[in-house]
Protein chains: 2
Amino acid sequence: MRSAETPLIRSLPLFRDMAEANFDTLMRGAYLQTFPPQIELITEGDPSDFLHVVIDGSVELCAGWNGRETVMATVRPISTFILAATIRNAPYLMSARTLEKSRIVLLPSVDVQAVFDVDAAFARAVVTELAQCYRGLVKHTKDLKLRTSVERLANYLLRKYTAAGAPAALDLVIEKRRLASYLGMTPENLSRAIKSLQAYGVTIEGSTVRISDPADLIGLAKPTPRIDDAAH
Amino acid sequence: MRSAETPLIRSLPLFRDMAEANFDTLMRGAYLQTFPPQIELITEGDPSDFLHVVIDGSVELCAGWNGRETVMATVRPISTFILAATIRNAPYLMSARTLEKSRIVLLPSVDVQAVFDVDAAFARAVVTELAQCYRGLVKHTKDLKLRTSVERLANYLLRKYTAAGAPAALDLVIEKRRLASYLGMTPENLSRAIKSLQAYGVTIEGSTVRISDPADLIGLAKPTPRIDDAAH
DNA sequence: GCTCTGGTTTGATTATTATCAAGTCAATAG
DNA sequence: CTATTGACTTGATAATAATCAAACCAGAGC
(Lines give C-alpha, C1' and ligand atoms only; values in the text may rest on other atoms or scores of the structure.)
Protein backbone atom coordinates (compact mmCIF):
# COMPACT_ATOMS: atom_id res chain seq x y z
CA MET A 1 0.00 0.00 0.00
CA ARG A 2 1.20 3.50 -0.80
CA SER A 3 -1.34 6.18 -0.26
CA ALA A 4 -2.30 9.38 1.44
CA GLU A 5 -3.38 7.39 4.50
CA THR A 6 0.10 6.19 5.37
CA PRO A 7 1.01 9.19 7.58
CA LEU A 8 -2.37 8.87 9.30
CA ILE A 9 -1.62 5.30 10.28
CA ARG A 10 1.91 6.21 11.24
CA SER A 11 0.53 8.73 13.73
CA LEU A 12 -1.35 6.07 15.71
CA PRO A 13 0.17 5.19 19.11
CA LEU A 14 0.52 1.62 17.87
CA PHE A 15 2.81 2.60 14.97
CA ARG A 16 4.24 5.92 16.11
CA ASP A 17 7.48 4.77 17.71
CA MET A 18 8.55 1.91 15.48
CA ALA A 19 11.50 2.05 13.09
CA GLU A 20 10.76 3.52 9.69
CA ALA A 21 12.00 0.40 7.90
CA ASN A 22 9.66 -1.83 9.85
CA PHE A 23 6.73 0.45 9.31
CA ASP A 24 7.48 0.32 5.58
CA THR A 25 7.48 -3.46 5.73
CA LEU A 26 4.01 -3.39 7.29
CA MET A 27 2.72 -0.92 4.72
CA ARG A 28 4.10 -2.88 1.79
CA GLY A 29 1.91 -5.83 2.66
CA ALA A 30 -1.15 -3.74 3.55
CA TYR A 31 -4.37 -3.31 1.62
CA LEU A 32 -6.62 -0.27 1.75
CA GLN A 33 -10.20 -1.17 0.94
CA THR A 34 -13.49 0.66 0.84
CA PHE A 35 -16.56 -1.24 1.98
CA PRO A 36 -20.26 -0.39 1.62
CA PRO A 37 -22.51 -0.24 4.73
CA GLN A 38 -23.73 -3.41 6.44
CA ILE A 39 -20.89 -5.57 5.13
CA GLU A 40 -19.67 -8.36 7.37
CA LEU A 41 -15.90 -7.85 7.42
CA ILE A 42 -15.08 -10.76 9.65
CA THR A 43 -17.12 -13.58 11.10
CA GLU A 44 -16.93 -14.98 14.60
CA GLY A 45 -15.03 -18.27 14.50
CA ASP A 46 -13.02 -17.55 11.34
CA PRO A 47 -9.23 -17.73 11.49
CA SER A 48 -7.62 -14.32 12.00
CA ASP A 49 -5.66 -13.31 8.92
CA PHE A 50 -5.53 -9.53 9.23
CA LEU A 51 -5.21 -6.76 11.73
CA HIS A 52 -7.77 -4.12 10.75
CA VAL A 53 -7.42 -0.34 10.94
CA VAL A 54 -10.51 1.82 10.49
CA ILE A 55 -9.53 4.91 8.50
CA ASP A 56 -12.97 6.24 7.78
CA GLY A 57 -16.54 5.28 8.63
CA SER A 58 -17.43 2.98 11.52
CA VAL A 59 -17.44 -0.68 12.37
CA GLU A 60 -19.48 -2.63 14.88
CA LEU A 61 -18.08 -5.58 16.80
CA CYS A 62 -20.77 -8.04 17.80
CA ALA A 63 -21.21 -11.58 19.02
CA GLY A 64 -23.95 -14.14 18.77
CA TRP A 65 -25.11 -17.29 20.50
CA ASN A 66 -28.15 -19.48 20.08
CA GLY A 67 -30.02 -17.04 17.86
CA ARG A 68 -29.26 -14.03 20.07
CA GLU A 69 -26.87 -11.24 19.19
CA THR A 70 -25.20 -8.45 21.11
CA VAL A 71 -23.10 -5.40 20.25
CA MET A 72 -19.72 -5.59 21.99
CA ALA A 73 -18.19 -2.34 20.75
CA THR A 74 -18.20 0.28 18.04
CA VAL A 75 -14.89 1.15 16.39
CA ARG A 76 -14.38 4.63 14.95
CA PRO A 77 -11.40 6.22 13.13
CA ILE A 78 -8.57 6.03 13.65
CA SER A 79 -8.20 2.77 15.51
CA THR A 80 -7.47 -0.90 15.13
CA PHE A 81 -9.52 -3.93 16.01
CA ILE A 82 -9.04 -7.65 16.73
CA LEU A 83 -5.46 -7.17 17.82
CA ALA A 84 -5.76 -9.99 20.35
CA ALA A 85 -6.86 -12.58 17.80
CA THR A 86 -4.01 -11.50 15.50
CA ILE A 87 -1.46 -11.85 18.26
CA ARG A 88 -2.67 -15.24 19.43
CA ASN A 89 -3.31 -16.41 15.91
CA ALA A 90 -6.65 -17.68 17.16
CA PRO A 91 -10.16 -17.58 15.68
CA TYR A 92 -12.14 -14.34 16.00
CA LEU A 93 -14.41 -14.18 19.03
CA MET A 94 -16.50 -11.39 17.52
CA SER A 95 -17.90 -10.52 14.13
CA ALA A 96 -17.27 -7.12 12.56
CA ARG A 97 -19.69 -5.25 10.33
CA THR A 98 -19.49 -1.85 8.70
CA LEU A 99 -22.19 0.55 9.89
CA GLU A 100 -21.62 2.98 7.04
CA LYS A 101 -19.38 3.22 3.99
CA SER A 102 -15.92 2.68 5.46
CA ARG A 103 -12.30 2.66 4.45
CA ILE A 104 -10.24 0.03 6.18
CA VAL A 105 -6.61 -0.98 6.08
CA LEU A 106 -5.86 -4.69 6.31
CA LEU A 107 -2.48 -5.70 7.70
CA PRO A 108 -1.61 -9.38 7.23
CA SER A 109 -1.19 -11.05 10.63
CA VAL A 110 2.08 -12.70 9.54
CA ASP A 111 3.61 -9.28 8.87
CA VAL A 112 2.42 -7.92 12.20
CA GLN A 113 3.92 -10.87 14.02
CA ALA A 114 7.20 -10.68 12.10
CA VAL A 115 7.65 -6.99 12.83
CA PHE A 116 6.66 -7.52 16.44
CA ASP A 117 9.63 -9.88 16.86
CA VAL A 118 12.24 -7.47 15.54
CA ASP A 119 10.95 -4.08 16.70
CA ALA A 120 10.97 -3.52 20.45
CA ALA A 121 9.16 -0.19 20.20
CA PHE A 122 6.34 -1.80 18.25
CA ALA A 123 6.20 -4.66 20.76
CA ARG A 124 5.83 -2.19 23.59
CA ALA A 125 3.09 -0.35 21.71
CA VAL A 126 1.19 -3.56 21.08
CA VAL A 127 1.35 -4.43 24.77
CA THR A 128 0.20 -0.97 25.76
CA GLU A 129 -2.69 -1.10 23.32
CA LEU A 130 -3.73 -4.58 24.42
CA ALA A 131 -3.58 -3.65 28.08
CA GLN A 132 -5.76 -0.64 27.28
CA CYS A 133 -8.31 -2.86 25.50
CA TYR A 134 -8.27 -5.28 28.41
CA ARG A 135 -8.90 -2.56 30.93
CA GLY A 136 -11.68 -1.14 28.79
CA LEU A 137 -13.36 -4.51 28.84
CA VAL A 138 -12.94 -4.86 32.60
CA LYS A 139 -14.78 -1.56 32.94
CA HIS A 140 -17.54 -2.69 30.60
CA THR A 141 -17.98 -5.90 32.58
CA LYS A 142 -18.15 -3.99 35.86
CA ASP A 143 -20.72 -1.68 34.29
CA LEU A 144 -22.84 -4.67 33.29
CA LYS A 145 -22.58 -6.55 36.57
CA LEU A 146 -22.81 -3.72 39.08
CA ARG A 147 -25.39 -1.40 37.53
CA THR A 148 -29.03 -1.49 36.47
CA SER A 149 -29.96 -0.54 32.93
CA VAL A 150 -30.99 3.00 33.88
CA GLU A 151 -27.69 3.51 35.72
CA ARG A 152 -25.76 2.22 32.71
CA LEU A 153 -27.58 4.63 30.41
CA ALA A 154 -27.08 7.57 32.78
CA ASN A 155 -23.34 6.91 32.96
CA TYR A 156 -23.07 6.35 29.22
CA LEU A 157 -24.66 9.73 28.56
CA LEU A 158 -22.44 11.44 31.13
CA ARG A 159 -19.32 9.94 29.56
CA LYS A 160 -20.25 11.24 26.11
CA TYR A 161 -21.34 14.57 27.57
CA THR A 162 -18.06 15.04 29.42
CA ALA A 163 -15.94 13.88 26.49
CA ALA A 164 -17.70 16.41 24.26
CA GLY A 165 -17.00 19.22 26.74
CA ALA A 166 -20.44 19.58 28.31
CA PRO A 167 -22.26 20.97 25.25
CA ALA A 168 -25.86 22.23 25.36
CA ALA A 169 -26.84 19.65 22.75
CA LEU A 170 -25.09 16.38 22.10
CA ASP A 171 -25.50 14.04 19.15
CA LEU A 172 -26.18 10.41 19.93
CA VAL A 173 -24.08 9.16 16.95
CA ILE A 174 -25.19 5.54 17.45
CA GLU A 175 -28.62 4.12 16.60
CA LYS A 176 -30.74 3.54 19.66
CA ARG A 177 -31.25 -0.16 19.07
CA ARG A 178 -27.46 -0.60 18.83
CA LEU A 179 -26.93 1.46 21.95
CA ALA A 180 -29.50 -0.70 23.72
CA SER A 181 -27.65 -3.85 22.71
CA TYR A 182 -24.30 -2.38 23.73
CA LEU A 183 -25.71 -1.46 27.13
CA GLY A 184 -27.19 -4.93 27.54
CA MET A 185 -30.89 -4.22 27.17
CA THR A 186 -33.70 -4.33 24.64
CA PRO A 187 -34.71 -1.30 22.52
CA GLU A 188 -38.01 -1.13 24.40
CA ASN A 189 -36.21 -1.04 27.70
CA LEU A 190 -33.88 1.71 26.48
CA SER A 191 -36.87 3.73 25.40
CA ARG A 192 -38.28 3.48 28.91
CA ALA A 193 -34.92 4.15 30.52
CA ILE A 194 -34.67 7.38 28.53
CA LYS A 195 -38.10 8.38 29.75
CA SER A 196 -37.18 7.71 33.36
CA LEU A 197 -34.14 10.00 33.00
CA GLN A 198 -36.43 12.93 32.19
CA ALA A 199 -36.86 13.27 35.94
CA TYR A 200 -33.12 14.04 36.06
CA GLY A 201 -33.17 16.69 33.37
CA VAL A 202 -32.32 14.52 30.38
CA THR A 203 -34.20 14.97 27.12
CA ILE A 204 -33.53 12.92 24.03
CA GLU A 205 -35.32 14.00 20.87
CA GLY A 206 -34.34 11.97 17.85
CA SER A 207 -30.59 11.69 18.25
CA THR A 208 -30.15 14.96 20.16
CA VAL A 209 -29.36 14.70 23.84
CA ARG A 210 -29.79 17.59 26.23
CA ILE A 211 -28.72 17.51 29.86
CA SER A 212 -30.20 20.46 31.72
CA ASP A 213 -28.84 19.65 35.17
CA PRO A 214 -25.63 17.59 35.05
CA ALA A 215 -25.25 17.64 38.83
CA ASP A 216 -28.64 15.99 39.22
CA LEU A 217 -27.78 13.29 36.68
CA ILE A 218 -24.41 12.71 38.36
CA GLY A 219 -26.29 12.18 41.61
CA LEU A 220 -28.09 9.27 40.02
CA ALA A 221 -25.26 7.90 37.88
CA LYS A 222 -22.50 8.06 40.50
CA PRO A 223 -19.72 7.75 37.90
CA THR A 224 -16.33 6.47 39.01
CA PRO A 225 -12.96 6.64 37.21
CA ARG A 226 -12.66 2.85 37.67
CA ILE A 227 -15.57 2.30 35.31
CA ASP A 228 -16.15 5.53 33.44
CA ASP A 229 -12.78 7.09 32.72
CA ALA A 230 -11.39 6.46 29.26
CA ALA A 231 -7.82 7.14 30.32
CA HIS A 232 -7.21 5.27 33.56
CA MET B 1 14.32 -13.71 46.18
CA ARG B 2 16.13 -17.02 46.15
CA SER B 3 13.99 -19.98 47.01
CA ALA B 4 12.59 -23.32 46.00
CA GLU B 5 9.84 -21.56 44.07
CA THR B 6 12.16 -20.01 41.51
CA PRO B 7 12.06 -22.96 39.06
CA LEU B 8 8.26 -23.05 39.43
CA ILE B 9 7.99 -19.45 38.31
CA ARG B 10 10.55 -20.02 35.58
CA SER B 11 8.31 -22.74 34.14
CA LEU B 12 5.40 -20.35 33.56
CA PRO B 13 4.74 -19.44 29.91
CA LEU B 14 5.33 -15.81 30.87
CA PHE B 15 8.90 -16.45 32.07
CA ARG B 16 9.84 -19.63 30.24
CA ASP B 17 11.57 -18.20 27.19
CA MET B 18 13.37 -15.17 28.59
CA ALA B 19 17.13 -14.93 29.01
CA GLU B 20 18.51 -16.37 32.24
CA ALA B 21 20.18 -13.08 33.17
CA ASN B 22 16.92 -11.15 32.84
CA PHE B 23 15.02 -13.74 34.82
CA ASP B 24 17.62 -13.41 37.55
CA THR B 25 17.13 -9.65 37.55
CA LEU B 26 13.41 -10.13 38.09
CA MET B 27 13.98 -12.65 40.86
CA ARG B 28 16.49 -10.48 42.69
CA GLY B 29 13.86 -7.80 43.19
CA ALA B 30 11.05 -10.22 44.03
CA TYR B 31 9.43 -10.95 47.38
CA LEU B 32 7.80 -14.19 48.38
CA GLN B 33 5.15 -13.67 51.01
CA THR B 34 2.64 -15.83 52.80
CA PHE B 35 -0.75 -14.30 53.53
CA PRO B 36 -3.55 -15.51 55.81
CA PRO B 37 -7.09 -16.01 54.40
CA GLN B 38 -9.35 -13.03 53.71
CA ILE B 39 -6.52 -10.53 53.34
CA GLU B 40 -6.99 -7.70 50.88
CA LEU B 41 -3.81 -7.81 48.81
CA ILE B 42 -4.63 -4.90 46.57
CA THR B 43 -7.41 -2.36 46.53
CA GLU B 44 -9.27 -1.03 43.53
CA GLY B 45 -7.97 2.44 42.70
CA ASP B 46 -4.52 2.02 44.26
CA PRO B 47 -1.44 2.60 42.09
CA SER B 48 -0.02 -0.63 40.69
CA ASP B 49 3.39 -1.34 42.21
CA PHE B 50 3.72 -5.08 41.76
CA LEU B 51 2.95 -7.90 39.40
CA HIS B 52 1.62 -10.77 41.51
CA VAL B 53 2.18 -14.48 41.05
CA VAL B 54 0.06 -16.94 43.01
CA ILE B 55 2.28 -19.85 44.07
CA ASP B 56 -0.06 -21.52 46.49
CA GLY B 57 -3.61 -20.96 47.73
CA SER B 58 -6.16 -18.88 45.83
CA VAL B 59 -7.00 -15.26 45.23
CA GLU B 60 -10.26 -13.61 44.28
CA LEU B 61 -10.43 -10.59 42.01
CA CYS B 62 -13.48 -8.46 42.67
CA ALA B 63 -14.87 -5.02 41.99
CA GLY B 64 -17.32 -2.77 43.75
CA TRP B 65 -19.54 0.20 43.02
CA ASN B 66 -22.08 2.06 45.07
CA GLY B 67 -22.18 -0.50 47.85
CA ARG B 68 -22.45 -3.47 45.50
CA GLU B 69 -19.67 -5.97 44.86
CA THR B 70 -19.01 -8.62 42.27
CA VAL B 71 -16.47 -11.40 41.77
CA MET B 72 -14.60 -10.90 38.51
CA ALA B 73 -12.32 -13.95 38.62
CA THR B 74 -10.58 -16.47 40.84
CA VAL B 75 -6.84 -16.94 40.42
CA ARG B 76 -5.27 -20.28 41.24
CA PRO B 77 -1.63 -21.48 41.13
CA ILE B 78 0.45 -21.03 39.18
CA SER B 79 -0.58 -17.81 37.52
CA THR B 80 -0.18 -14.07 37.54
CA PHE B 81 -2.68 -11.30 37.99
CA ILE B 82 -3.05 -7.59 37.25
CA LEU B 83 -0.58 -7.72 34.39
CA ALA B 84 -2.50 -5.01 32.52
CA ALA B 85 -2.31 -2.47 35.34
CA THR B 86 1.42 -3.18 35.74
CA ILE B 87 2.05 -2.64 32.04
CA ARG B 88 0.05 0.57 31.81
CA ASN B 89 1.28 1.78 35.16
CA ALA B 90 -2.32 2.66 35.95
CA PRO B 91 -4.47 2.21 39.07
CA TYR B 92 -5.94 -1.22 39.75
CA LEU B 93 -9.45 -1.73 38.41
CA MET B 94 -10.09 -4.67 40.72
CA SER B 95 -9.36 -5.58 44.30
CA ALA B 96 -7.64 -8.84 45.19
CA ARG B 97 -8.28 -10.88 48.31
CA THR B 98 -6.87 -14.21 49.47
CA LEU B 99 -9.52 -16.90 49.85
CA GLU B 100 -7.24 -19.17 51.85
CA LYS B 101 -3.70 -19.09 53.21
CA SER B 102 -1.66 -18.22 50.14
CA ARG B 103 1.91 -17.80 49.04
CA ILE B 104 2.42 -15.02 46.56
CA VAL B 105 5.42 -13.61 44.73
CA LEU B 106 5.52 -9.85 44.25
CA LEU B 107 7.50 -8.53 41.29
CA PRO B 108 8.09 -4.76 41.32
CA SER B 109 6.44 -3.16 38.29
CA VAL B 110 9.58 -1.15 37.50
CA ASP B 111 11.60 -4.37 37.14
CA VAL B 112 8.95 -5.95 34.94
CA GLN B 113 8.91 -2.91 32.69
CA ALA B 114 12.70 -2.68 32.54
CA VAL B 115 13.10 -6.32 31.59
CA PHE B 116 10.26 -6.01 29.09
CA ASP B 117 12.26 -3.38 27.21
CA VAL B 118 15.41 -5.46 26.86
CA ASP B 119 14.08 -9.00 26.46
CA ALA B 120 12.15 -9.67 23.26
CA ALA B 121 11.13 -13.16 24.35
CA PHE B 122 9.64 -11.81 27.55
CA ALA B 123 7.87 -9.05 25.61
CA ARG B 124 6.31 -11.64 23.33
CA ALA B 125 5.21 -13.72 26.34
CA VAL B 126 3.62 -10.68 27.99
CA VAL B 127 1.68 -9.92 24.81
CA THR B 128 0.55 -13.51 24.49
CA GLU B 129 -0.58 -13.61 28.10
CA LEU B 130 -2.41 -10.29 27.84
CA ALA B 131 -4.14 -11.33 24.63
CA GLN B 132 -5.23 -14.52 26.40
CA CYS B 133 -6.63 -12.53 29.33
CA TYR B 134 -8.41 -10.20 26.95
CA ARG B 135 -10.03 -13.05 25.07
CA GLY B 136 -11.05 -14.70 28.33
CA LEU B 137 -12.83 -11.52 29.30
CA VAL B 138 -14.54 -11.23 25.90
CA LYS B 139 -15.91 -14.72 26.50
CA HIS B 140 -17.07 -13.83 29.99
CA THR B 141 -18.85 -10.74 28.65
CA LYS B 142 -20.55 -12.76 25.92
CA ASP B 143 -21.62 -15.29 28.55
CA LEU B 144 -23.17 -12.49 30.63
CA LYS B 145 -24.91 -10.71 27.78
CA LEU B 146 -26.16 -13.62 25.71
CA ARG B 147 -27.24 -16.17 28.31
CA THR B 148 -29.73 -16.42 31.15
CA SER B 149 -28.49 -17.35 34.61
CA VAL B 150 -29.51 -21.01 34.25
CA GLU B 151 -27.67 -21.22 30.94
CA ARG B 152 -24.57 -19.65 32.47
CA LEU B 153 -24.63 -22.15 35.31
CA ALA B 154 -25.17 -25.10 32.96
CA ASN B 155 -22.21 -24.06 30.82
CA TYR B 156 -20.03 -23.35 33.85
CA LEU B 157 -20.64 -26.85 35.15
CA LEU B 158 -19.98 -28.39 31.75
CA ARG B 159 -16.69 -26.53 31.44
CA LYS B 160 -15.49 -27.82 34.80
CA TYR B 161 -16.83 -31.28 34.07
CA THR B 162 -15.03 -31.46 30.72
CA ALA B 163 -11.81 -29.97 32.10
CA ALA B 164 -11.80 -32.62 34.86
CA GLY B 165 -12.24 -35.43 32.31
CA ALA B 166 -15.93 -36.21 32.80
CA PRO B 167 -15.69 -37.68 36.32
CA ALA B 168 -18.62 -39.32 38.12
CA ALA B 169 -18.30 -36.77 40.93
CA LEU B 170 -16.84 -33.33 40.64
CA ASP B 171 -15.85 -30.95 43.41
CA LEU B 172 -17.20 -27.42 43.24
CA VAL B 173 -13.98 -25.88 44.67
CA ILE B 174 -15.56 -22.41 44.94
CA GLU B 175 -18.13 -21.31 47.53
CA LYS B 176 -21.63 -21.05 46.12
CA ARG B 177 -22.14 -17.42 47.00
CA ARG B 178 -18.88 -16.59 45.19
CA LEU B 179 -19.88 -18.66 42.20
CA ALA B 180 -23.20 -16.85 42.15
CA SER B 181 -21.45 -13.49 42.09
CA TYR B 182 -19.03 -14.63 39.40
CA LEU B 183 -21.94 -15.80 37.26
CA GLY B 184 -23.75 -12.53 37.82
CA MET B 185 -26.60 -13.62 40.09
CA THR B 186 -27.60 -13.73 43.76
CA PRO B 187 -26.97 -16.78 45.98
CA GLU B 188 -30.72 -17.39 46.16
CA ASN B 189 -30.99 -17.35 42.41
CA LEU B 190 -28.08 -19.79 42.09
CA SER B 191 -29.79 -22.10 44.54
CA ARG B 192 -32.88 -22.11 42.34
CA ALA B 193 -30.87 -22.47 39.17
CA ILE B 194 -29.25 -25.59 40.61
CA LYS B 195 -32.66 -26.97 41.39
CA SER B 196 -33.90 -26.34 37.88
CA LEU B 197 -30.93 -28.27 36.47
CA GLN B 198 -32.09 -31.40 38.29
CA ALA B 199 -34.45 -31.91 35.35
CA TYR B 200 -31.30 -32.28 33.23
CA GLY B 201 -29.59 -34.84 35.43
CA VAL B 202 -27.52 -32.48 37.58
CA THR B 203 -27.28 -33.04 41.33
CA ILE B 204 -25.29 -30.84 43.64
CA GLU B 205 -24.96 -32.01 47.23
CA GLY B 206 -22.75 -29.78 49.31
CA SER B 207 -19.86 -29.12 46.97
CA THR B 208 -20.17 -32.36 45.03
CA VAL B 209 -21.52 -32.14 41.51
CA ARG B 210 -22.85 -35.14 39.61
CA ILE B 211 -23.91 -35.06 36.00
CA SER B 212 -25.83 -38.20 35.14
CA ASP B 213 -26.65 -37.36 31.53
CA PRO B 214 -24.10 -34.96 29.98
CA ALA B 215 -25.81 -35.11 26.59
CA ASP B 216 -29.04 -33.85 28.12
CA LEU B 217 -27.25 -31.00 29.87
CA ILE B 218 -25.39 -30.11 26.67
CA GLY B 219 -28.75 -29.88 24.94
CA LEU B 220 -29.71 -27.13 27.34
CA ALA B 221 -26.33 -25.41 27.66
CA LYS B 222 -25.42 -25.36 23.97
CA PRO B 223 -21.74 -24.68 24.68
CA THR B 224 -19.62 -23.08 21.97
CA PRO B 225 -15.84 -22.82 21.68
CA ARG B 226 -16.21 -19.05 21.23
CA ILE B 227 -17.44 -18.73 24.80
CA ASP B 228 -16.59 -21.94 26.60
CA ASP B 229 -13.19 -23.10 25.35
CA ALA B 230 -10.24 -22.22 27.54
CA ALA B 231 -7.77 -22.55 24.68
CA HIS B 232 -9.24 -20.72 21.70
C1' DG C 1 -22.35 -33.06 73.92
C1' DC C 2 -23.86 -28.01 73.07
C1' DT C 3 -23.92 -23.37 71.04
C1' DC C 4 -22.65 -20.18 67.84
C1' DT C 5 -21.65 -18.77 63.34
C1' DG C 6 -22.08 -18.26 58.56
C1' DG C 7 -23.24 -20.36 54.39
C1' DT C 8 -27.15 -22.25 52.14
C1' DT C 9 -31.91 -23.10 51.10
C1' DT C 10 -36.85 -22.05 50.85
C1' DG C 11 -40.94 -19.28 50.47
C1' DA C 12 -43.29 -14.95 49.58
C1' DT C 13 -43.02 -10.77 47.43
C1' DT C 14 -41.32 -7.15 44.63
C1' DA C 15 -38.50 -5.18 41.04
C1' DT C 16 -36.52 -5.41 36.80
C1' DT C 17 -36.31 -6.69 32.28
C1' DA C 18 -37.99 -9.15 28.16
C1' DT C 19 -41.55 -10.28 24.97
C1' DC C 20 -45.46 -9.52 22.15
C1' DA C 21 -48.43 -6.54 19.66
C1' DA C 22 -49.93 -2.25 17.99
C1' DG C 23 -49.08 2.00 16.93
C1' DT C 24 -46.25 6.47 15.48
C1' DC C 25 -42.98 8.73 12.88
C1' DA C 26 -39.52 10.09 9.45
C1' DA C 27 -36.97 9.12 5.51
C1' DT C 28 -37.09 7.51 0.95
C1' DA C 29 -38.24 5.25 -3.40
C1' DG C 30 -41.41 5.00 -6.89
C1' DC D 1 -47.55 12.73 -3.54
C1' DT D 2 -48.15 8.35 -1.84
C1' DA D 3 -46.60 4.05 -0.29
C1' DT D 4 -43.26 1.50 1.94
C1' DT D 5 -39.81 0.61 5.02
C1' DG D 6 -37.60 0.40 9.31
C1' DA D 7 -36.63 2.60 13.55
C1' DC D 8 -38.71 4.00 17.55
C1' DT D 9 -42.34 4.20 21.00
C1' DT D 10 -46.13 2.68 23.90
C1' DG D 11 -49.03 -0.49 26.37
C1' DA D 12 -50.06 -5.03 28.18
C1' DT D 13 -48.22 -9.13 29.74
C1' DA D 14 -44.90 -12.63 30.97
C1' DA D 15 -40.46 -14.13 32.34
C1' DT D 16 -36.51 -13.47 34.94
C1' DA D 17 -34.06 -12.10 38.76
C1' DA D 18 -33.61 -9.49 43.24
C1' DT D 19 -35.05 -8.71 47.85
C1' DC D 20 -36.68 -9.81 52.32
C1' DA D 21 -37.46 -13.01 55.90
C1' DA D 22 -37.21 -17.19 57.93
C1' DA D 23 -35.59 -21.64 58.41
C1' DC D 24 -31.94 -25.19 57.88
C1' DC D 25 -27.58 -27.18 58.32
C1' DA D 26 -22.69 -28.16 58.98
C1' DG D 27 -18.51 -27.04 61.04
C1' DA D 28 -15.73 -24.61 64.77
C1' DG D 29 -15.06 -23.71 69.28
C1' DC D 30 -16.26 -24.49 73.99
Side-chain angles (χ1 to χ4, degrees), chain A residues 36-38 60 64-71 74 97 99-101 143-157 171-199 202-209 220, chain B residues 36-38 60 62 64-71 74 97 99-101 143-156 171-199 202-209 220:
Chain A
Q38 305 300 330
E60 180 177 83
W65 177 77
N66 196 27
R68 298 165 213 170
E69 203 193 58
T70 190
V71 173
T74 306
R97 174 174 46 229
L99 291 175
E100 48 191 315
K101 190 180 172 196
D143 195 44
L144 285 170
K145 290 183 82 175
L146 292 167
R147 290 171 171 164
T148 66
S149 57
V150 175
E151 289 166 344
R152 291 198 293 277
L153 173 62
N155 279 291
Y156 177 88
L157 293 176
D171 190 58
L172 201 72
V173 185
I174 189 175
E175 272 178 288
K176 282 179 187 166
R177 66 199 183 96
R178 296 182 199 282
L179 175 59
S181 179
Y182 173 70
L183 293 177
M185 55 181 121
T186 58
E188 294 95 324
N189 196 18
L190 174 61
S191 205
R192 283 162 189 138
I194 289 172
K195 240 181 164 177
S196 75
L197 286 186
Q198 283 179 3
V202 177
T203 6
I204 305 187
E205 282 178 301
S207 69
T208 305
V209 184
L220 170 73
Chain B
Q38 304 301 331
E60 180 177 84
C62 54
W65 177 77
N66 196 27
R68 300 166 210 168
E69 204 193 59
T70 189
V71 173
T74 306
R97 173 173 46 228
L99 292 174
E100 49 191 312
K101 191 182 170 196
D143 194 44
L144 285 170
K145 290 184 82 175
L146 293 166
R147 289 170 171 164
T148 66
S149 57
V150 174
E151 289 166 343
R152 291 198 294 277
L153 173 62
N155 279 292
Y156 177 88
D171 189 59
L172 201 72
V173 184
I174 190 176
E175 270 178 288
K176 282 178 188 166
R177 67 201 184 95
R178 294 181 200 281
L179 175 59
S181 179
Y182 174 70
L183 293 176
M185 56 179 120
T186 59
E188 294 96 325
N189 197 18
L190 173 62
S191 205
R192 283 163 188 137
I194 289 171
K195 239 179 164 178
S196 74
L197 286 186
Q198 283 179 3
V202 177
T203 5
I204 305 187
E205 282 179 300
S207 70
T208 305
V209 184
L220 170 73

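When all heavy atoms of B:P187 and B:R177 are compared, the pair lying nearest together is CG-CB, 4.0 Å. Nearest heavy-atom pair across B:L144 and B:G184 is CD2-CA, 4.4 Å. Nearest approach of B:K145 to A:L183, heavy atoms of both residues: NZ-N, 4.5 Å. Contact record, A:R147 with B:R68: CA-NH1, 3.8 Å, taken as the closest heavy-atom pair.
Rounding to the nearest 0.5 Å places CG of A:L153 at 14.5 Å from CZ of A:R192. To the nearest 0.5 angstrom, B:K195 atom NZ is 14.5 Å from B:T203 atom OG1.
Between A:L179 and the options A:V71, A:I174, A:I194, A:L157, a side chain to side chain contact (heavy atoms under 4.5 Å, CB included) holds for only A:I174.
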In B/S/- notation (B base, S sugar-phosphate only, - none; protein heavy atoms under 4.0 Å), nucleotides 6-21 of chain D written 5' to 3' is -SSSBBB----SSBB-
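Protein chain A touches strand DNA chain C; the 5'-most and 3'-most nucleotides with an atom under 4.0 angstrom of its non-hydrogen atoms are C:dT17 to C:dC20.
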